[in-house]
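Written below as structure tokens is the structure these notes are about.
Just so it is clear, the values below take in all heavy atoms, side chains as well, and ignore hydrogens, waters and symmetry mates. Here is the naming used below: chain letters follow the sequence lines, and residue numbers restart at 1 for every chain.
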Protein chains: 2
Amino acid sequence: MENYGGYFKALRESKGMTLREVEKRTDVSNAYLSQLESGKIKQPSPLTLHKLSETYEVGYETLMEKVGYPVPERLSRKQEEDKGSIAYRVGSITNDEEVELLNYLKFMRSRKK
Amino acid sequence: MENYGGYFKALRESKGMTLREVEKRTDVSNAYLSQLESGKIKQPSPLTLHKLSETYEVGYETLMEKVGYPVPERLSRKQEEDKGSIAYRVGSITNDEEVELLNYLKFMRSRKK
DNA sequence: GTATTTTGCTTGCGAAACTTAGCAAGACTT
DNA sequence: AAGTCTTGCTAAGTTTCGCAAGCAAAATAC
């Protein structure tokens, strides 16, 4: 949860890149990168982490976890299937509720022409 | 990318909760929740989204994507839809449709006693 | 050996997250 | 009807992100 500054620095140097090279690739300023590597930044935004994960070729989720953000739980097969349900979007619902919502959705769309 | 304020409001109301109830469960101030629901917040932090995903029982990744954060590749909702896992059940849902469904869900629940 | 470029870094600064304190309108008591 | 509690909201303040500008040391060029 702390001192991941050194981690980012090691990552960059392992690629043999300068701060300004990374800046060019990621559009993250060298000033900010320097602060990041010296531990002055608490939590870079997900977007920044995503850019860095690309140029350093590290997993996005790895970086998210490294800086202390919650990471999506590894889902079981059954849970993966659940992601196709309405409940994944609108919160847990009963079977009857889902059926009723699907019917209402159908109604909404037919009404919208 | 915009107007997810109404989405969060619909989510809360579908659960029949007040701002202060959510505050108690999530430790996110009611003031901030109010700003969030009225569209004055651009990108709530992942931690805040995670707390909300728990009390609203919605997928954490769903919220992350909703507010515009990058989402791990294989888990992207849009790709899932392309593979048909959602589409074959309900088709893709627009933001407005989602809010409308939540409002209808709220209505359904208030009606059932 | 000096001039120029490169590299990492620090210092303000604006923007945005998030809080505390408090207000006004509505709902519930008595 | 008056008083109290609830609910959503706003205003002001703190903190952090992330950038532009600039600086000194090191590297490179001349």
Across the strands shown, which category fits B:T18 at heavy-atom distances under 4.0 angstrom: base, sugar-phosphate, nothing?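 If one applies the 4.0 Å heavy-atom cut-off, B:T18 turns out to touch the sugar-phosphate alone, with no base involved.
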
So A:L33, base contact, sugar-phosphate only, or nothing? Heavy-atom distance under 4.0 Å.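 Touches nothing.
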
From [atom1] of [X] over to [atom2] of [N], roughly how many Å is that when rounded to an integer?
{"X": "A:F8", "N": "D:dC17", "atom1": "CZ", "atom2": "P", "answer": "12 Å"}
{"X": "A:Y32", "N": "C:dG8", "atom1": "OH", "atom2": "P", "answer": "18 Å"}
{"X": "B:K9", "N": "D:dG8", "atom1": "NZ", "atom2": "C1'", "answer": "8 Å"}
{"X": "A:R20", "N": "D:dA26", "atom1": "CZ", "atom2": "P", "answer": "16 Å"}
{"X": "A:L19", "N": "C:dT10", "atom1": "CG", "atom2": "P", "answer": "11 Å"}
{"X": "A:E23", "N": "D:dG18", "atom1": "CD", "atom2": "P", "answer": "14 Å"}
{"X": "B:M17", "N": "D:dG8", "atom1": "CE", "atom2": "P", "answer": "12 Å"}
{"X": "A:L36", "N": "D:dT16", "atom1": "CG", "atom2": "P", "answer": "15 Å"}

Can you find a heavy atom in the side chain of A:V22 that is under 4.5 Å from one in the side chain of A:V28? no

Do A:S53 and A:T62 come close enough that some side-chain heavy atom pair is under 4.5 Å?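 Answer no - side chains too far apart.
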
So, does [X] use its side chain to make a donor-acceptor pair with the main chain of [Y] at under 3.5 Å?
{"X": "A:E21", "Y": "A:T18", "result": "yes"}
{"X": "B:S34", "Y": "B:N30", "result": "no"}
{"X": "A:Y60", "Y": "B:P70", "result": "yes"}

Has B:K40 got a side-chain N or O lying under 4.0 Å from the OP1 or OP2 atom of C:dC18?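 It does not, given that no N or O in the side chain of B:K40 lies less than 4.0 Å from OP1 or OP2 of C:dC18.
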
Can you check whether B:R12 has a side-chain N or O nearer than 4.0 Å to OP1 or OP2 of D:dG8?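 B:R12 to D:dG8 OP1/OP2: side-chain N or O found under 4.0 Å.
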
Salt bridge or not for B:K66 and B:E98, using N-O below 4.0 Å?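 So B:K66 pairs with B:E98 through a salt bridge.
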
Check: B:Q35 side chain, C:dT19 base, donor-acceptor under 3.5 Å: yes

Looking at DNA chain D, which of residues 43-53 of chain A put a heavy atom within less than 4.0 Å of it?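 Heavy-atom cutoff 4.0 Å gives A:Q43, A:P44, A:S45, A:T48.
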
Residue pair B:T55 / B:K15: nearest heavy atoms and the distance that separates them: O-CE, 4.3 Å

